[in-house]
**Student:** 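I have a structure I would like to understand better, so I am pasting it below and will then ask my questions one at a time.
Just so we're on the same page: letters track the sequence lines, and every chain starts at 1.
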Amino acid sequence: MKREIRVYNTLTQEKEVFVPREPGKVSVYVCGVTPYADTHLGHARPSVVWDVIIRFLRHLGYETLHVQNFTDVDDKIIQRSLEEGVPALEISKRYIKEYLASMDALGVQRADYYPKVSEHIEEIIKLIQGLVDKGHAYAVEGDVFFSVASFAEYGKLSKQKLEELREGTRFEVDPKKRDAADFALWKAAKPGEPAWDSPWGRGRPGWHIECSAMSLKYLGEEFDFHGGGNDLIFPHHENEIAQSEAATGRPLARYWVHSGMITLKDTKMSKSLGNIVSLKRLLEEYPPALLRFYLLSTHYRSSLEYYEGKLEEMKRGWSRLNEAARKLREDLAEAQEGELTAFDQETLDNLERYADEVVDALSDDFNTAMALGVLFDVVREINSYKHKGGFHRQVLQKGWDILQLWAGEILGVLELGQQRQEGLTDGLMELILAIREELRRERNFALADRIRDQLAELGVVVEDTPQGPRWKV
RNA sequence: GGCGGCAUAGCCAAGUGGUAAGGCAGGGCUCUGCAAAAGCCCCAUCCCCAGUUCGAAUCUGGGUGCCGCCUCCA
């Protein structure tokens, strides 16, 4: 059931029809993190966005190959290593572990490969050598620089003109560079830094080159999607394009997909600004599915505001979606079979239409915000159906299937009560509620209400319904 | 200064030519011992100005405001 998918391509600044390099297959490279500090909310956005994109593409029948790198050789890690007196690779190992644990908690499916710089030095050196051989790079005193002047299309992704870049340079230019806009492919080793042997002496890779080398190794030339935060457009992705395309003579990626920043009071969240919201902390306080709901409530290219209490606000709407699914699943157990009435059929048709709209939304540049909007339509449709007395198995099943698949499997915003405590709690609740029902029958509402209120104080919400009491945490 | 983007109800947020999705909050009602949940109804003409068009939130030009990148950054 493949549909036409449209994707906004940063390179062309237009929405384009997605045509994969190979029919039925999708190759994806997403820039991962530099593991030198705790994972923050900003890291969660591209991860969850790509998780949804990949789940969606798989659902449509594409075979996906997803690579996400770890830049584990880097100035910041080295600095941290010197501060702590711990080997750089141990620092990165620690934060990679932390990152992956957070992503697991968020329900992000693992990529197929998580290549690290430190394990691909050979490939990197080979790529640099090729660039030197072709005249795109030059070595000076153990450093190797990429010559931007040798790549005519330099600036095509970020729409920067070389002239402007040269003038705009606010930092001190390394005198070894021939051109102020040139950038390092290889850096000569300084004492105490991790270093590897190379044709230019001991040293380490510069930033950018690892992604060119590793994407080439795992995905080959001209793969489908290249993703990451939009703060990577320049210089990182611009430089990747220069390196890779100068080396292979082919486009690096077919579609460049950049996600927006998470902001705090209109200001980007970033490590250097120190306005970080720890992902670990959020995961301790809120359900992962709610975090995903929040992250997916806005189109991936827009910036997304975060503030204290934001998730609390979103929780109400999110709960409605979850409650609808939960109740639907329960109803399904006792649903009626039989002839479909005109009303049943009409509801069924509406649900069918909504299911199509969800697919349309996701097919149009992965519009998760719109998809969620449609899923709320599904909730209203099904609740209204039940309110009017509808109880046909086929209809309820359809509603459940839609919510389960799209809200559950693809978007991952459902939390279907798996958090409900097993055994003892269930038993105790059953007992308490049975007693309370007894009191209510005796019209001892004062005591019944007291039980309900006190349970509420413990965080247990009791709802009295025609089918008997229900409770949730 | 250069480049990119955004501006839709109290808040969040879809919507790229055909007359404003959805969520939260708010008001009214139904159900109900009460409450909760749920349902029904109500609640915007889209930053400003000028154009193009039979018709624009959607296109063009000009403003204003905000954000991102140009330095490490998801």
**Student:** What is the distance from CG of A:L372 to P of B:C12, rounded to the nearest Å?
**Tutor:**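 It is 18 Å, rounded to the nearest whole Å.
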
**Student:** To the nearest Å, give me how far apart CZ (A:F183) and C1' (B:C70) are.
**Tutor:**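 One finds 15 Å between C1' of B:C70 and CZ of A:F183, rounded.
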
**Student:** Between B:G1 and B:G62, how far apart are the P atoms? Round to whole Å, please.
**Tutor:**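 Approximately 16 Å lies between the P atom of B:G62 and that of B:G1.
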
**Student:** Looking only at atom C1', what distance separates B:A7 and B:C48, rounded to whole Å?
**Tutor:**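 Going atom to atom, C1' in each nucleotide, I get 11 Å.
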
**Student:** Can you tell me, in whole Å, how much space there is between the P of B:A44 and that of B:A50?
**Tutor:**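 These two P atoms come out 25 Å apart once rounded.
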
**Student:** Taking atom P in both B:G10 and B:G4, what distance in whole Å separates the two?
**Tutor:**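 My reading of the P atoms in B:G10 and B:G4 gives 33 Å.
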
**Student:** Tell me the partner of B:C69, counting only Watson-Crick (N1-N3 plus N6-O4 or O6-N4) or G-U wobble (N1-O2 and O6-N3) with both under 3.5 Å; none if nothing fits.
**Tutor:**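 Looking at the geometry, B:C69 pairs with B:G2.
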
**Student:** Measure CD/A:E457 against P/B:A35 and give the value in whole Å, please.
**Tutor:**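 Result: 19 Å.
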
**Student:** Which one of A:R6, A:K15, A:R301 satisfies the side-chain hydrogen bond (donor to acceptor under 3.5 Å, both in side chains) criterion with A:D365?
**Tutor:**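 Passing option: A:R301.
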
**Student:** Starting at atom CG of A:L321, determine the distance to atom P of B:C24, rounded to an integer number of angstrom.
**Tutor:**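 Roughly 10 Å, once rounded to whole Å.
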
**Student:** Which heavy atom of A:L328 sits nearest to which heavy atom of A:G399, and what is that distance?
**Tutor:**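 Where A:L328 meets A:G399 most closely, the heavy atoms are CD2-C, 3.5 Å.
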
**Student:** It should be established whether A:N367 places a side-chain nitrogen or oxygen under 4.0 Å from OP1 or OP2 of nucleotide B:G15.
**Tutor:**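 A:N367 to B:G15 OP1/OP2: side-chain N or O found under 4.0 Å.
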
**Student:** Taking the same atom, P, in B:U45 and in B:U58, what whole-Å distance lies between them?
**Tutor:**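 These two P atoms come out 16 Å apart once rounded.
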
**Student:** Any idea which of B:A74, B:C70, B:A35 is nearest the A:K271 side chain?
**Tutor:**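 Output: B:A74.
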
**Student:** Please determine, for the side chain of A:D464, which listed nucleotide (B:C69, B:C34, B:C40) has the closest atom?
**Tutor:**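 The answer is B:C34, which lies nearest to the side chain.
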
**Student:** Counting only non-hydrogen atoms, which of residues 297-317 of chain A are less than 4.0 Å from RNA chain B?
**Tutor:**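 Within residues 297-317 of chain A, the residues near RNA chain B are A:S297, A:T298, A:H299, A:S302, A:K310, A:R316, A:G317.
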
**Student:** Can a donor-acceptor pair be found between the side chains of A:D360 and A:S363 at a distance below 3.5 Å?
**Tutor:**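 A:D360 vs A:S363: no donor-acceptor pair found between side chains.
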
**Student:** Is it the case that the ring center of A:Y255 lies less than 6.0 angstrom away from the ring center of A:H226?
**Tutor:**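 Aromatic pair excluded; centres sit 6.0 Å or further apart.
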
**Student:** Are A:R320 and B:G23 close enough that a side-chain N or O sits under 4.0 Å from OP1 or OP2?
**Tutor:**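 Looking at the OP1 and OP2 atoms of B:G23, one of them is under 4.0 Å from a side-chain N or O of A:R320.
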
**Student:** Quick check for you: among B:G68, B:C3, B:G22, whose closest atom lies nearest to any side-chain atom of A:K159?
**Tutor:**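 So the side chain of A:K159 is nearest to B:C3.
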
**Student:** Figure out the CZ/P separation between A:F391 and B:A38, and round it to whole Å.
**Tutor:**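 Taking CZ of A:F391 and P of B:A38, I get 17 Å after rounding.
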
**Student:** Identify which nucleotide among B:C40, B:C66, B:A35 has an atom closest to any side-chain atom of A:R452, counting heavy atoms from C-beta outward.
**Tutor:**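 Shortest atom-to-atom distance from the side chain points to B:A35.
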
**Student:** Angle class for the A:W256/A:H258 ring planes (parallel below 30°, perpendicular above 60°, tilted otherwise)?
**Tutor:**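 The rings of A:W256 and A:H258 lie parallel, inter-plane angle below 30°.
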
**Student:** Measure the distance between the ring centre of A:F445 and the centre of the six-membered base ring of B:G33, then answer whether it is under 5.5 Å with planes under 30°.
**Tutor:**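 The ring of A:F445 is stacked on B:G33.
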
**Student:** Could you check whether any side-chain N or O of A:D224 sits under 3.5 Å from a backbone N or O of A:V28, counting only pairs where one atom can act as donor and the other as acceptor?
**Tutor:**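 It does not hold such a pair.
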
**Student:** Between A:Y385 and A:F391, is the gap from one ring center to the other below 6.0 Å?
**Tutor:**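 A:Y385 vs A:F391: aromatic centres not under 6.0 Å.
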
**Student:** Expressed as a whole number of Å, how far does the P atom of B:A36 sit from that of B:C42?
**Tutor:**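 My reading of the P atoms in B:A36 and B:C42 gives 23 Å.
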
**Student:** From A:S118 OG over to A:I124 CD1, what is the distance, rounded to the nearest 0.5 angstrom?
**Tutor:**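 Output value for this atom pair is 9.0 Å.
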
**Student:** Give me the distance, rounded to whole Å, that separates B:U16 from B:U60 when you measure between the P atoms they each carry.
**Tutor:**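 Taking atom P in both B:U16 and B:U60, they lie 14 Å apart.
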
**Student:** Compare the minimum distances between each of B:G33, B:G4, B:U16 and the side chain of A:Q13, then state the nucleotide with the smallest one.
**Tutor:**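 Taking heavy atoms from C-beta onward, the closest nucleotide is B:G4.
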
**Student:** Applying a 3.5 Å limit to both distances, which nucleotide forms a Watson-Crick or G-U wobble pair with B:A38?
**Tutor:**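 With both distances under 3.5 Å, B:A38 matches B:U30.
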
**Student:** Any idea which of B:A21, B:C40, B:A74 is nearest the A:H43 side chain?
**Tutor:**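 That would be B:A74.
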
**Student:** Specify the separation, in whole Å, of atom CG of A:D377 and atom C1' of B:G15.
**Tutor:**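 Interatomic distance, CG of A:D377 to C1' of B:G15: 14 Å.
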
**Student:** What is the distance, to the nearest angstrom, from the CD1 atom on A:I451 to the P atom on B:A35?
**Tutor:**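 These atoms are roughly 19 Å apart.
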
**Student:** Are OP1 or OP2 of B:G68 and a side-chain N or O of A:T263 less than 4.0 angstrom apart?
**Tutor:**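 Checking A:T263 against B:G68: no side-chain N or O falls below 4.0 Å of OP1 or OP2.
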
**Student:** What nucleotide, of B:C3, B:A74, B:G15, holds the atom closest to the side chain of A:Q160?
**Tutor:**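 Between B:C3, B:A74, B:G15, the one nearest the side chain of A:Q160 would be B:C3.
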
**Student:** Look at the rings of A:Y218 and A:H120 and say which category their plane angle falls in: under 30° parallel, 30 to 60° tilted, over 60° perpendicular.
**Tutor:**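 Aromatic pair A:Y218/A:H120 classed perpendicular.
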
**Student:** Taking only heavy atoms on the protein side, list every residue of residues 225-234 of chain A lying under 4.0 Å from any atom of RNA chain B, sorted numerically.
**Tutor:**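 Correct list: A:G228, A:G229, A:N230, A:D231, A:L232, A:F234.
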
**Student:** Tell me if the aromatic rings of A:W50 and A:H66 count as close, with their centers under 6.0 Å from one another.
**Tutor:**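 No, ring centres 6.0 Å or more apart.
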
**Student:** Go nucleotide by nucleotide along RNA chain B from the 5' end; which of A:K161 and A:A371 gets its closest nucleotide reached first?
**Tutor:**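 On the 5' side of the pair lies A:K161.
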
**Student:** Of all the choices, B:C69, B:A37, B:A38, which nucleotide is nearest to the side chain of A:K268 once you look at every atom?
**Tutor:**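 It is B:C69.
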
**Student:** So which nucleotide does B:A50 pair with, by the Watson-Crick or G-U wobble rule with both distances under 3.5 Å?
**Tutor:**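 Checking every strand shown, B:A50 finds its partner in B:U60, with both distances under 3.5 Å.
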
**Student:** Do the ring planes of A:F146 and A:F151 sit parallel (below 30°), tilted (30 to 60°) or perpendicular (above 60°)?
**Tutor:**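 If you compare the ring of A:F146 with that of A:F151, the planes turn out perpendicular.
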
**Student:** Find the distance A:M261:CE to B:C72:P and express it as a whole number of Å.
**Tutor:**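 To the nearest whole Å, that distance equals 15 Å.
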
**Student:** Would A:K177 and A:D143 pass as an ion pair if we require N to O under 4.0 Å?
**Tutor:**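 Salt bridge: no.
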
**Student:** With the side chain of A:M269 defined as its heavy atoms from C-beta on, choose the nearest nucleotide among B:G5, B:C69, B:A74.
**Tutor:**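 Given the options B:G5, B:C69, B:A74, the side chain of A:M269 is closest to B:A74.
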
**Student:** Quantified in whole Å, what is the P atom distance between nucleotide B:G23 and nucleotide B:A14?
**Tutor:**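 It comes out at 15 Å once rounded to the nearest Å.
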
**Student:** Look at the side chain of A:P46 and decide which nucleotide, out of B:A74, B:A38, B:G33, has an atom nearest to it.
**Tutor:**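 Among B:A74, B:A38, B:G33, the one nearest the side chain of A:P46 is B:A74.
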
**Student:** Assign each of A:E381 and A:D74 to its nearest nucleotide of RNA chain B by heavy atoms, then name whichever residue's nucleotide is nearer the 5' end.
**Tutor:**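 Here A:E381 is the residue nearer the 5' end.
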
